[in-house]
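Numbering starts at 1 and runs along the sequence shown. Scope of the values below: all heavy atoms of this structure, side chains included, with no hydrogens, waters or symmetry mates.
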Amino acid sequence: MHHARQHAQIHTAERRRRLAHEAARLIAESGIGDYQLAKRKAASRLGIHDDASLPRNHEVQAALREYQRLFAGPDHAALLRRLRQAALQAMDFFAAFSPRLVGPVLDGTADARSPVQLHLHSDDQEAVARFLDDQRIPADARVRRLRMDRQRNAEVTVWGFAADGVHFELAVLPRQALRQAPLSPVDQQPMARASASQLERLLAG
């Protein structure tokens, strides 16, 4: 009985690993940004329909890092550096809004399609719109739902624009969000984020 259960656990773990790597490949090659969608497509392709075998998002993220290291190598490192340098310039430009870098450019899983995602902070909902207008930066606005903590969701304005071939997404959060980051859609923990000085140290390292 014990051996049968152990065998089943090993089999499930192997399927989770296969699904994580297939989902990572789909994300890297097809530009799928939704981990849940990537996992469902991977399960369909591999013919695995057991919910217990579905990997967690952080397992897919780890597999994506491994895929990029193996198949992109120096090219991916150069791209990541270029996007982080662009992020640093943007953070200097938007310094009045206490910007923080989040997302794939920070965690190292960005590809050529990934936007630089910044959180800007202001209790004046129109301040960022006025700043963009004053600087004559054409930007499109949309609304994104973020989980601020375990109990609260919030709909925040996200401004999108492109500069020098890099796409930027600026989410406008209240100042109090500086104390605790919203929850990550990957693992439902507070998002990893970096200030300009932290990003400078990351680039220097």
Backbone N/O of Ile32 and side chain of Arg113: donor-acceptor pair under 3.5 Å: no

Close side-chain approach of Met191 and Ser184, heavy atoms under 4.5 Å: yes

Heavy-atom neighbours of Asp123 CG exceed 12 at 6.0 Å: yes

Trace of the salt bridge (Lys or Arg N to Asp or Glu O under 4.0 Å) decision for Arg142 with Glu169: CA-CA 10 Å; Arg142 69 178 189 277; Glu169 291 184 353; 3.1 Å; yes

Parallel, tilted or perpendicular: ring planes of Phe97 versus Phe94, cut at 30 and 60 degrees: tilted

Interatomic distance, Leu120 atom CG to Met91 atom CE [nearest 0.5 angstrom]: 9.0 Å

Student check: side-chain heavy atoms of Pro182 and Leu173 closer than 4.5 Å: yes

Backbone N/O of Ala110 and side chain of His76: donor-acceptor pair under 3.5 Å: yes

Within-4.5 Å side-chain heavy-atom neighbours: Gln117 and Pro104: yes

Distance, nearest 0.5 Å, that separates CG of Asp164 from CZ of Arg82: 9.0 Å

Heavy-atom check, side chain of Leu88 versus side chain of Glu200, under 4.5 Å: yes

Arg56 with Glu59: basic N within carboxylate O range, under 4.0 Å: no

CZ/Arg175: more than 12 non-hydrogen atoms of other groups inside 6.0 Å: yes

Expected output: side-chain Arg193 to main-chain Leu178 donor-acceptor under 3.5 Å: yes

Gln68 (side chain) donor-acceptor with Thr109 (main chain) under 3.5 angstrom: yes

Under 3.5 Å donor-acceptor, Lys39 side chain and Pro55 backbone: yes

Smallest separation among heavy atoms of Ala28 and Asp111, with atom names: O-OD2, 4.3 Å

Trace of the side chain to side chain contact (heavy atoms under 4.5 Å, CB included) decision for Ile27 with Tyr67: CA-CA 10 Å; Ile27 291 169; Tyr67 183 95; over 6 Å; no

Side chain to side chain contact (heavy atoms under 4.5 Å, CB included) between Leu19 and Leu54, worked out: CA-CA 7 Å; Leu19 279 173; Leu54 283 179; 4.2 Å; yes

Spacing of Leu26 atom CG and Leu64 atom CG [to the nearest 0.5 Å]: 11.0 Å

N/O donor-acceptor pair under 3.5 Å between Arg84 side chain and Val105 backbone: yes

Expected output: side-chain His121 to main-chain Val172 donor-acceptor under 3.5 Å: no

Salt bridge flag under 4.0 Å for residues Glu126 and Arg130: no

Close aromatic pair by centroid cut-off 6.0 Å: Phe131 and Phe93: yes

Worked check of side chain to side chain contact (heavy atoms under 4.5 Å, CB included) between Val116 and Val166: CA-CA 7 Å; Val116 171; Val166 177; 3.7 Å; yes

Expected output: side-chain Arg144 to main-chain Thr157 donor-acceptor under 3.5 Å: no

Same apolar cluster: Leu199 and Leu83, side chain cutoff 4.5 Å: yes

Flag if over 12 foreign heavy atoms under 6.0 Å of CG, Asp134: yes

Considering all heavy atoms, the nearest Ala63-Ala20 contact: CB-O, 3.6 Å

Min side-chain heavy-atom separation Arg152-Arg147 under 4.5 Å: no

Modelled atom types, side-chain donor and acceptor of Gln61 and Asp107, under 3.5 Å: yes

4.5 Å side-chain heavy-atom contact, Leu146 and Glu155: no

Side-chain touch Asp140/Trp159, heavy atoms, less than 4.5 angstrom: no

Considering all heavy atoms, the nearest Arg136-Pro138 contact: O-CD, 3.4 Å

Distance (rounded to the nearest 0.5 Å) between Asp34 CG and Asn57 CG: 8.5 Å

Gln89 side chain to Ala86 backbone, donor-acceptor under 3.5 Å: no

Over all atoms of both residues, closest heavy-atom pair of Leu132 and Ala139: CD1-CB, 4.0 Å

Residue pair Ser195 / Arg100, side-chain heavy-atom distance below 4.5 Å: yes

Donor-acceptor contact below 3.5 Å, side chain Asn153 vs main chain Met148: no

Chi angles and distances behind the side chain to side chain contact (heavy atoms under 4.5 Å, CB included) call for Leu101, Leu118: CA-CA 5 Å; Leu101 176 64; Leu118 298 181; 3.9 Å; yes

Value rounded to 0.5 Å, distance of CG in Asp149 from CD in Gln188: 11.5 Å

